[in-house]
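Notes to accompany the following structure.
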Amino acid sequence: MKNERGQRHNYVERGVTVGFLTDPTLCIGCKACEVACKEWNDVPSDGGARAAIGSRSYDHSGDLGASTWRHVKFVETETEEGLPRWLFLSDVCKHCERAGCLEACPTGAIWRTEVGSVLVDDDRCNGCGYCVVSCPFGVIDRRGRPTAEIIGSIAGTAPSSGSSEAVAGEGGAFKCTLCYDRQVEGKIPACANACPTDSIMFGPLVDLKEYAQVRVETLHQRGVTDAVLYDGQEGNVNGIHAMSVLVGGSVGDAAGDAADLWGQPSNPTAPYAYLAASWSSALLTVVLSAVACWLAFVL
Amino acid sequence: MSDRAPSGYADRPLVKPPVWTWEIPVYFFVGGVAGMSLLIAAVAGLARMSDGAPALDPLVRKCVWVACAGAVISPMLLISDLGRPMRFLNMLSRFNVRSPMSMGVWILVGFSGVSGLLLIAVNGTIVDLPVVAPFAGALGPLMTTLLICGGLFGALLATYTGVLLGVSTIPAWHQNRRRLPVHFGLASLGSAASVLLLFGSSDPVLVRLLWIAIAGEAGIALLSIDRSAVARENAAVPQWTRLPPILMTVASAVPLVLGLPVLAAISFPMGSLLSRFAWIKVGRLSAMTSGSSQRD
Amino acid sequence: MKTRSRDAQRPDCARSVCPYCAVGCGQLVYHRDGKVTSIEGDPESPINAGTLCPKGSASKELVTHEGRLIWAKVRRPGASEWERIPLEQAMDEIAERTWASRNRNWVDRDADTGERIGHTTAVAHLGGATLDNEENYLIKKLFTAGLGMVAVSNQARI
Amino acid sequence: MAEAHPVGFRWVMKAKERGTKVIHVDPRFSRTSAQADLWMPIRAGGDLAFLGGLISIVLKEKAYFAEYVEAYTNAGALVHEDYQGPDDLGGLFSGWNAESYDTSTWQLERDADGVLVRDPTMEHARCVLQVLKRHFARYTPSMVEEIAGVPEQRLRAVADHLIAASGPVKTAAICYAVGWTQHSKGVQIIRAAAILQLLLGNVGRPGGGLMALRGHASIQGSTDIPTLYDILPGYLKMPRGGVGETTLDGWCATHQPRTGWWANSRRYMVSLLKAYYGEKATHANDYGFGLLPRVTKDHSHFHYWLEMADGGIEGLFLMGQNPSVGAQNGRLERKALAQLDWLVVRDLVEIESATFWKDGPEIERGELVTEDVKTEVYLLPAAAHVEKAGTFTQTQRMLQWREQAVEPRADQRSEAWFVHQLALRLQAMARAESDSSNATADRDAALLSLDWWYPEVEHGAIKGEPQTEAVLAEINGWRTVDRQAGRAAETQPGAVCALDRENHVHHGPQVAGFSELNDDGSTACGCWIYSGVYGPDGVNRAYRREPVGRYGHGWGYAWPMDRRILYNRASARPDGKPWSKGKALVWWDDSLGQWTGHDVPDFPVDKRPDTAADLNGEGVAAHPGDAPFLMQDDGLGQLFVPEGLVDGPLPTHYEPLESPLANALYAQQSDPAAGRFDRPDNLFADLGDRRFPYVLTTYRLTEHHTAGGMSRTLSRLSELQPELFVEISFELAGELQIEDGDWVTVVNLRSAVEARALVTRRMMPLRMGSQDGKPRVVHQVAMPFHWGSSGPNRGDVVNDLIPLSSEPNVSIHESKALLCDVVPGRRPGDRELLQWLEQRYPELEIARTGGVANVGHGARSASDDASEELV
């Protein structure tokens, strides 16, 4: 399976559900995906929650967020013989099958496109911020004030260049758009287009799923026995469109500690799971308080 | 293999902290007070019915005034917290049952509408208008339905905010998704009663309501002492977040017992307001410590 | 829903090569109304097949960021600030200084053997690895074959 | 390679997916190591010992590709009787006379007709193969471990992989970059790799060879058409003063061998002179050969920079280079700029080299005072790669034409415009002066003879831009037209850009390739190796974009003659058949009576493989049909190099100029012919100086570009690597009690640099033999060198830590293996830095003050035995 860079695809017209498969065993940690994404989408510099030097190997982008839509993670570990082992993985919004952000959005700004990607319409979003606390992967964020200040004040790292002047698109929620505007043109997303080693694979989700199984199997045969597929089947998001192979966890584990190592939830839970319990409690309170008032009056 | 753990991301936050600032906790408090005062108005009006029409005694009038004040202030607070305030109308472009934020907006709209009508109705000027005269007979049941709707919207307004936090990925919030609506409801009820007391209404019902709220809060406090969210054990939780339960229970009960209701009517709402700020702060800390290696 | 698609009206697209390292990745430079809109890998290049590294991917910012010099500037001896200078005047002044320094330090013949040397070591040049072949050709032709400058060097040093 | 050539590494990854073994040798476990099958940690400076170890194994176990070595290399040639190697002379070769080598004892035996005497069995005691075996005999696995820190079984693993991947059916490739070249013995390290590849039969074959991963977009171009002091376009040597090269014949006597491709030198030089001086280059005036300036010493960057530091240079042009950050001994580099009368800087941004007088470190430290710096600095904006058309030559010798996308803005201009406008002005001044008096006739003869004919084009608001296609046409070469015989009415067929600025016919049809160049003035050619890029068919081959076949012919133009793999005759057996079906590249086709294959044959197309050598033939005709290495005099791969290298015919391990170890193999500590520029502001630490216990090496990051002018100024790259750091092992960090992310200061005799400590397991202490009974452990620290004092993303200049030095053959500096100390905490502020340095290392103050050590400066280092000095 290969990224089709020369020809134009017509996934949008045919409504084909597309996605990413990221394979860390091909990644060289060059961060071309981070730069290509920002250049194509004019994403401003993420001077905000900057991971200070020394806290995360060569990863200074810190986290996905409103101004970092692709984020290469670096893990330094060791082989059995005690030789260094350096792993890289390009993280991105998961475009969940059932997306917490989409369900939380009160303005309908977040919608699912014909290719199954979850897209924030920057012209509708009024920055209410509820999607930010509804994403089980901690991806989407509101740009500019006050997220940077909040994180800065808590994590004790004042935003290094928390520039006060207005940031482009300030106040809106942002995340990876799976380059919907490129896809309308029949082009593949900017990150997959740039990736020198095709570690980021873009294509129909069905084909990616099939290829992912084959790839994990091949890796196991080749001795990369700790390779597992992280496809979001656990938890309640019913699968994710941006899958990745994970390495570095313990051999043969279900994706548990590999997910932990890479800072991914092993059991991503979109908040809709809590609706019933919370609303019922609210309605019960309404009734009880009405009764309480009645009693207070009548006695 | 050396004992050195791999430099991984297990200690990095799994979810993002809330982006809301002071306007939201204040709105939770103001909305709660306004909401519950309309509930009190409704119950008061219906409990003291006379000849098919709810009594519009001074307590009900005050409650409606408080509700209307809340109905005016709340939207301003919500809109000011938006990243793009000028687009607040987009919230009204759809009705999304699965989003507590969307439901909350419609509850607030409903509440504001009803409290507006009640304000007019309660002031009696409408009754003398010649155009209204022929419907005089229907006023009683109209007032009843208005009060019932107001009470319903009011109570929902006071409790949906609990659902707003409860239905989220923030561990400290969703782990308390059942407790939060109850807590916000009771806190609002008690605060509404206190506010009315402070506005000079001496109706003994208010003190009883305050007692109910205090008892409720004491119950919740006892329940949550044993386990509660990751926030409690987390060392980074500032001390002041432990203050609200005390204010709303002991610090309110003692003045009541000593016959100083005004003191209680100050302590309780203060505890209630502080509690909203505490839950936001705890929510942020909970997000920042949501890394898999810190999972409790 | 407004899609900000850059290719909607097919702006011109220049075929170029990345200015950073010597791998020589092909680049497509999309531009409209005299401005570069985006730069990505050239899918037909057998070298990079449409891919780019982080530096190559940053080419658009490289050619459009505000830190780029736009106006010629000169710092007069002892001055503590730059001052603007018209480009033509700068060229004249540079030509005069080159001419003067070269002639003042012209070595026509070897003092002992009388052998023709015909060079100056008082005017030097550094740079070239990031320039075009045509530019390096003109530099060597003018400076060495024309002016007799021998102190000509660049990053390669082979 | 994944770090500095990520897209080049795409193809290594594709090969790895198909089973190719990838071995990475590097002092630091980098992103390349992360994807390699085998990482080889090595002590910076031990590369040649490591390669010698591999050669020694290949020779001892006769694992070399015998048929290839016997036929295609000078393995069988006999070395001069009086030749003596480093084992005999304590690390030197015979012929060393304290300053340089007399190479007479290195010559190979020739018979009466001058043909090489070769022992086909390669057993003769004096034959090159046996000399090689003796030379590398002591590079045993244990010796390699002691010198390079490479464990024995790991060296064995690499040898096994290389041997298994060589021979008729398989090939192995070696890719290298400045990690090998930037050493005081850099050329010899490459030589060792070349010997290894020749022995394994990997040169000239698909998937084999030795590839230099060059660093800049057109650095290959800037050596092919060189802005370098000692060569002319096409690697023709610049005439030197005092060695009898006053005439063309004199020059040809030394640079035109009778045999081998260089026999054509005269035709290329005359054609170049015709391109330079046009009609003024005639048979009568030796085609203007006398007009060329003579080289009298080493005029390369460091050498003339030291003259500049001593006030010997008045003016400097900086065109696309930022020495204040990118060059070694930054303090000396920047202070030297202050000695200039005038400086012209042409760049995209306001680089440190343009603002040394304003906010350079020396200003902060008080070493320079703005008002006292008299240098007049012109800062002219340059056009970017999308704002001008032209060709780059990438690392596989391929020329690629760039289309111009947009117009430059305001004063932004291309370098071509700048040089063209400067040339017009200078020629006008020369004409004015020569009209008034002919005293200066001799001095300005060259400038006035210069054929500056370039037609101009207008684009956007810019006038006076020389037509780039015209310059490329001149580079390709054409048949000259006798313009005195009246104006030719119209251009001849096959001519390209034939009208000059006055619309007169300037030249005739383009030549199709360098085989058409003559030495009678009938042809002109700006760079013979590029000839063929813009032929008579008017097709600019650098502009082609239709790749065909495995090697992408039809995309761009690889010199020479669009050949993709050099010496590919060696991909066929002596009898012309491919070594194996899978590795067939070029072979003899009997039916066609020609060489054919997947690449342009690097051999006379119709010369049969069994052709005997023509004893008095000229050039390649003198070679037999089975001599692939056309550029060499004997057409053979040079395992032993009798001529052309100034520091020895065979690679020999020497320690870096600053090393923690004594040379374990020979008494000679470092390369005898390497230059150290011993000066007060360029001191080296002596062997065993315990004040500098750690090995320092430098490298590049993927996210930044050399001196940072094209990356630190971009937000999208800067935020990926926001701060300077130094990579330190957990073990060393433990000894120094520093944590990941702490500030540390790296200091040596040149300067002190502060950086964040990145404590990692990717830097490993090396166990290297033993020292006074205990196993010796050597710690290494590694630093990227992109940061500087200007622009939004600033940091200390790592190159300040590195002394000027020059490798004997190409005068490249040694910046990959040095010594340093690592001190926890930030360095003192700029004001106190120099005093702090001199306190730590009194010899700095002695050097600065010329011998008077000020007692008042406090603590003395243990090694200081100077008598008590009065204040």
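Below, read A as the first sequence line, B as the second, and so on, with proteins coming before strands; counting in each chain starts at 1.
- Interface remark: D:Leu450 contributes side-chain atoms only to the contact with chain C (heavy atom separation under 4.5 Å).
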>> Using side chain to side chain donor-acceptor pair (under 3.5 Å), reason through D:Glu314 and C:Asn105 one step at a time and then give a plain yes or no.
In response: CA-CA 9 Å; D:Glu314 290 188 9; C:Asn105 302 276; 3.0 Å; yes
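- Of the atoms belonging to D:Tyr543, not a single heavy atom falls under 4.5 Å from chain C.
- A donor-acceptor pair under 3.5 Å links the side-chain atoms of C:Lys140 to the main chain of D:Ile231, judged by distance alone.
- Taking chain D as the reference chain and counting heavy-atom pairs below 4.5 Å, the highest number among C:Ala14, C:Ala22, C:Ala122 is found for C:Ala22.
- Note on ring orientation: taking the six-membered ring where Trp is involved, the planes of C:Trp82 and D:Trp357 are perpendicular (angle over 60°, cut-offs 30° and 60°).
- Heavy atoms of C:Thr98 lying under 4.5 Å from chain D belong to its backbone as well as its side chain.
- Of the N and O atoms on the side chains of C:Gln155 and D:Ser222, not one donor lies less than 3.5 Å from an acceptor on the other residue.
- Using a cutoff of 4.0 Å between basic side-chain nitrogens and carboxylate oxygens, C:Glu135 and D:Arg346 are not scored as salt-bridged.
- At least one donor-acceptor pair closer than 3.5 Å links the side chain of D:Glu403 to the backbone N or O of C:Arg15.
- Atom OG1 of C:Thr144 sits about 5.5 Å away from atom CE of D:Met238, to the nearest 0.5 Å.
- A cation-pi arrangement is present between D:Arg443 and C:Trp99 under the rule of less than 6.0 angstrom and at most 45 degrees off the ring axis.
- Of all the heavy atoms in C:Leu87 and D:Leu380, the pair that sits closest is CD1-CD2, 4.2 Å.
- Of the charged side-chain nitrogens involved, none lies within less than 4.0 Å of a carboxylate oxygen, so that C:Glu134 and D:Lys388 do not count as a salt-bridged pair.
- To the nearest 0.5 Å, the span separating CZ on D:Arg294 from CD1 on C:Ile117 amounts to 8.0 Å.
- For a residue to count as touching a neighbouring chain, one of its non-hydrogen atoms must lie under 4.5 Å from one of that chain's; by this rule D:Ala327 does not touch chain C.
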> Run the side chain to side chain donor-acceptor pair (under 3.5 Å) check on D:Trp555 and C:Glu44 step by step: do they pass?
Replying inline: CA-CA 9 Å; D:Trp555 178 280; C:Glu44 276 134 57; over 6 Å; no
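- In this structure, C:Arg109 pairs ionically with D:Asp442, as a charged nitrogen and a carboxylate oxygen lie closer than 4.0 Å.
- Counting only N and O atoms by type, the side chains of C:Asp132 and D:Thr391 include no donor and acceptor under 3.5 Å apart.
- Inspection of the C:Ser80 and D:Glu371 side chains reveals no N or O donor paired with an N or O acceptor under 3.5 Å.
- The pair C:Lys73-D:Glu350 counts as a salt bridge, with a side-chain nitrogen and a carboxylate oxygen less than 4.0 angstrom apart.
- Listed by first and then second residue, the salt bridge (charged side-chain N to carboxylate O under 4.0 Å, His left out) pairs that reach into residues 112-126 of chain C are C:Asp108-C:Arg116, sequence neighbours excluded.
- For a residue to count as touching a neighbouring chain, one of its non-hydrogen atoms must lie under 4.5 Å from one of that chain's; by this rule C:Glu88 touches chain D with backbone and side chain alike.
- Interface summary for chain D: among C:Asp92, C:Asp42, C:Asp110, C:Val63, the most heavy-atom pairs under 4.5 angstrom belong to C:Asp92.
- Between the CG atom in C:Leu69 and the CG atom in D:Leu379 there is a gap of 4.5 Å [rounded to 0.5 Å].
- Taking all atoms of both residues into account, the shortest heavy-atom contact from C:Lys141 to D:Ala275 is NZ-O, 3.1 Å.
- Classified by interplanar angle (parallel below 30°, tilted 30° to 60°, perpendicular above 60°), the ring pair D:His299/C:His119 is perpendicular.
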